S.K.: 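Quick one: structure below, then a few questions.
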Amino acid sequence: MKRYIAFLRGINISGKNKIPMPELKAYLTELGYRDVRTYLNSGNVAFSVDEMNAHTLSDAITEMIRKRFGLDIPVFVILQEKLEAILSKAPVWWGTSDREVYDNLIFVLSPATAESIAEKIGEPTTELEQICVCDNTIFWSFNRQNYAKSNWWKKTASTGIGERITIRTANTLKKIASM
């Protein structure tokens, strides 16, 4: 049995794409997933299942959401041990206790690649943000006070990019990786 993490993109934001976590948990249990745990109300789910691949799991969860909630929500699934391995490769500037900096990890939804997303967004704004591509994810940190001036902040939600990624904070990921 393997442990996986699913990140649902763009749910429960400002009353849109509502998916109650207790219902999501129940439906995933119906699919045969075990020890299903959610974290926060933003679509972070850890579960165990007999060995499958992440793409198959993503498709199954996406289809279940379509049927049960009537929503077309992109789902990124990653093996928990792979998430832990990615987090272990974090640059020294990412995930620190510096309250002036906001640290995120960008997960790139297939078939896009981290390299293609980084190329489309362009260079980070010097002295305001940093990026590091790692295993089809992108570590991204930016200055909290001047975030609106940063190149990546403006573009991560733009058409052609926003629907190809899902973003989680360092603190959320550290918690989820230990679930």
Side-chain angles (χ1 to χ4, degrees), residues 2-14 16-29 31 33-49 52-69 71-90 94-95 102-114 116-118 121 131-142 152-153 155-158 160-179:
K2 300 254 183 187
R3 191 86 175 145
Y4 289 88
I5 310 294
F7 299 115
L8 284 62
R9 186 189 168 283
I11 68 161
N12 300 334
I13 299 172
S14 302
K16 294 181 182 176
N17 296 330
K18 286 186 169 188
I19 296 181
M21 293 299 102
E23 288 180 39
L24 177 64
K25 184 177 176 179
Y27 292 141
L28 290 172
T29 301
L31 288 176
Y33 304 167
R34 296 188 190 131
D35 189 26
V36 179
R37 296 178 62 197
T38 61
Y39 180 68
L40 300 175
N41 198 36
S42 55
N44 306 301
V45 186
F47 59 91
S48 297
V49 67
M52 297 179 91
N53 73 47
H55 184 72
T56 301
L57 291 167
S58 176
D59 289 347
I61 296 169
T62 299
E63 184 59 26
M64 178 274 296
I65 291 169
R66 190 176 293 118
K67 285 180 180 175
R68 298 294 188 154
F69 298 100
L71 299 170
D72 189 20
I73 301 295
V75 177
F76 181 90
V77 176
I78 188 169
L79 200 59
Q80 184 179 28
E81 61 192 43
K82 184 172 181 182
L83 175 60
E84 291 168 349
I86 290 168
L87 294 176
S88 74
K89 297 175 188 176
W94 188 88
Y102 200 73
D103 299 308
N104 292 299
L105 186 58
I106 300 172
F107 295 92
V108 179
L109 302 165
S110 182
T113 65
S116 68
I117 294 295
I121 295 175
I131 66 161
C132 177
V133 174
C134 176
D135 293 344
N136 211 37
T137 63
I138 305 168
F139 290 96
W140 171 41
S141 296
F142 58 87
W152 278 58
W153 176 263
K155 294 182 180 175
T156 53
S158 67
I161 295 172
E163 63 274 4
R164 294 182 178 160
I165 61 175
T166 189
I167 303 172
R168 297 300 187 273
T169 67
N171 289 339
T172 295
L173 290 169
K174 289 174 183 177
K175 174 68 176 176
I176 292 169
S178 68
M179 287 175 48

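It should be emphasised that the depicted structure is a prediction, and the values quoted were computed from it without experimental measurement. Side chains are part of it too, since the values below use all heavy atoms of this structure and drop only hydrogens, waters and symmetry mates. The residues of the chain are indexed from 1 along the displayed sequence.
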S.K.: In chain order, what residues pass the side chain to side chain contact (heavy atoms under 4.5 Å, CB included) check against A112, with sequence neighbours excluded?
M.R.: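 Scan of A112 (side chain to side chain contact (heavy atoms under 4.5 Å, CB included), adjacent residues dropped) gives V108, S116, I117, R164.
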S.K.: Whether the side chain of N12 engages the backbone of P20 through a donor-acceptor N/O pair (distance < 3.5 Å, no angle test) should be reported.
M.R.: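 Not confirmed, N12 side chain does not pair with P20 backbone.
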S.K.: Would you say E163's side chain and P74's backbone share a donor-acceptor pair under 3.5 angstrom?
M.R.: no
S.K.: Can you tell me how far apart CZ (F76) and CG (L8) are? Round to the nearest 0.5 Å.
M.R.: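 One finds 12.5 Å between CZ of F76 and CG of L8.
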S.K.: Return the minimal non-hydrogen interatomic distance between V133 and A114, and the atom names on each side.
M.R.: CG1-CB, 3.7 Å
S.K.: How close do L83 and F7 get, heavy atom to heavy atom, and via which atoms?
M.R.: CD2-CZ, 4.4 Å
S.K.: Is there a donor-acceptor pair closer than 3.5 Å between any side-chain N or O of T38 and the backbone N or O of V45?
M.R.: no
S.K.: Is there a donor-acceptor pair under 3.5 Å between the side chain of S88 and the backbone N or O of A85?
M.R.: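 Judged by distance alone, yes, a pair lies under 3.5 Å.
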S.K.: Between D103 and S141, is there a side-chain donor-acceptor contact under 3.5 Å, judged purely by atom types and distance?
M.R.: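 Side chains of S141 and D103: pair found under 3.5 Å.
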S.K.: Does R68 use its side chain to pair, donor to acceptor, with the backbone of L24 at less than 3.5 Å?
M.R.: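 Not a single qualifying donor-acceptor pair exists.
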S.K.: What is the distance from atom CE of M21 to atom OG of S42, rounded to the nearest 0.5 Å?
M.R.: 7.5 Å
S.K.: Taking all non-hydrogen atoms of both residues, which atom of K174 and which atom of G95 are closest, and how far apart?
M.R.: NZ-O, 2.8 Å
S.K.: Working to the nearest 0.5 Å, report the span between CE of M179 and OH of Y39.
M.R.: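 Spacing of CE (M179) from OH (Y39) equals 9.0 Å.
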S.K.: Does R34 CZ have over 12 foreign heavy atoms under 6.0 Å away?
M.R.: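 No, not enclosed.
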S.K.: Is it the case that the side chain of N17 and the backbone of G10 share a donor-acceptor pair, with hydrogens and angles ignored and the cut-off at 3.5 Å?
M.R.: yes
S.K.: Run the side-chain contact (heavy atoms from CB on, under 4.5 Å) test on E84 and I5 for me, step by step, so that the C-alpha distance in whole Å, both residues' side-chain angles and the decisive distance to 0.1 Å come before the verdict.
M.R.: CA-CA 11 Å; E84 291 168 349; I5 310 294; over 6 Å; no
S.K.: Checking I78 against I86 for the side-chain contact (heavy atoms from CB on, under 4.5 Å) test, could you report, in this order, the C-alpha distance in whole Å, the side-chain angles of both residues, the deciding distance, and whether it holds?
M.R.: CA-CA 11 Å; I78 188 169; I86 290 168; 3.8 Å; yes
S.K.: Could you grab the distance from atom OG of S110 to atom CG of N136, nearest 0.5 Å is fine?
M.R.: 8.0 Å
S.K.: Looking only at non-hydrogen atoms, find the nearest pair between A46 and R3 and report the distance.
M.R.: CB-NH2, 3.4 Å
S.K.: Say whether, by atom type as modelled, one donor and one acceptor occur between the side chain of T29 and the main chain of K25 under 3.5 angstrom.
M.R.: yes
S.K.: Which residue in the set T172, L173, I167 passes side-chain contact (heavy atoms from CB on, under 4.5 Å) when paired with T169?
M.R.: T172
S.K.: Would you please test L87 and L105 for side-chain contact (heavy atoms from CB on, under 4.5 Å) and show each step?
M.R.: CA-CA 9 Å; L87 294 176; L105 186 58; 4.2 Å; yes
S.K.: Quick one: which of F47, Y33, F69 gives a ring-ring contact (aromatic ring centres under 6.0 Å, His included) with Y27?
M.R.: F69
S.K.: Ignoring hydrogens, what is the shortest heavy-atom contact between I19 and N41? Give both atom names and the distance.
M.R.: O-OD1, 4.3 Å
S.K.: Identify, with sequence neighbours excluded, every residue that meets side-chain hydrogen bond (donor to acceptor under 3.5 Å, both in side chains) alongside T137.
M.R.: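 Partners of T137 under the side-chain hydrogen bond (donor to acceptor under 3.5 Å, both in side chains) test: none.
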S.K.: In chain order, what residues pass the ring pair (Phe, Tyr, Trp, His ring centres under 6.0 Å) check against F142, with sequence neighbours excluded?
M.R.: Y102, W140, W153
S.K.: If you count heavy atoms of other groups shown closer than 6.0 angstrom to NZ of K82, is the number above 12?
M.R.: no
S.K.: If we ignore hydrogens and angles and just use 3.5 Å, is the side chain of K89 paired with the main-chain N or O of D135 as donor and acceptor?
M.R.: no
S.K.: Should we say atom NZ of K175 is surrounded by more than 12 heavy atoms from elsewhere, each under 6.0 Å from it?
M.R.: no
S.K.: Can you tell me how far OG1 of T156 sits from CG of N104, rounded to the nearest 0.5 angstrom?
M.R.: 8.5 Å
S.K.: Do side-chain atoms of Q80 reach the backbone of A177 as a donor and acceptor pair under 3.5 angstrom?
M.R.: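 Such a contact is found between Q80 side chain and A177 backbone.
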S.K.: Verify side-chain contact (heavy atoms from CB on, under 4.5 Å) between L28 and L31, making sure each step is shown before the conclusion.
M.R.: CA-CA 5 Å; L28 290 172; L31 288 176; 4.1 Å; yes
S.K.: Taking atom CG of D72 and atom CZ of R9, what is their separation to the nearest 0.5 Å?
M.R.: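 Reported value, rounded in 0.5 Å steps: 10.5 Å.
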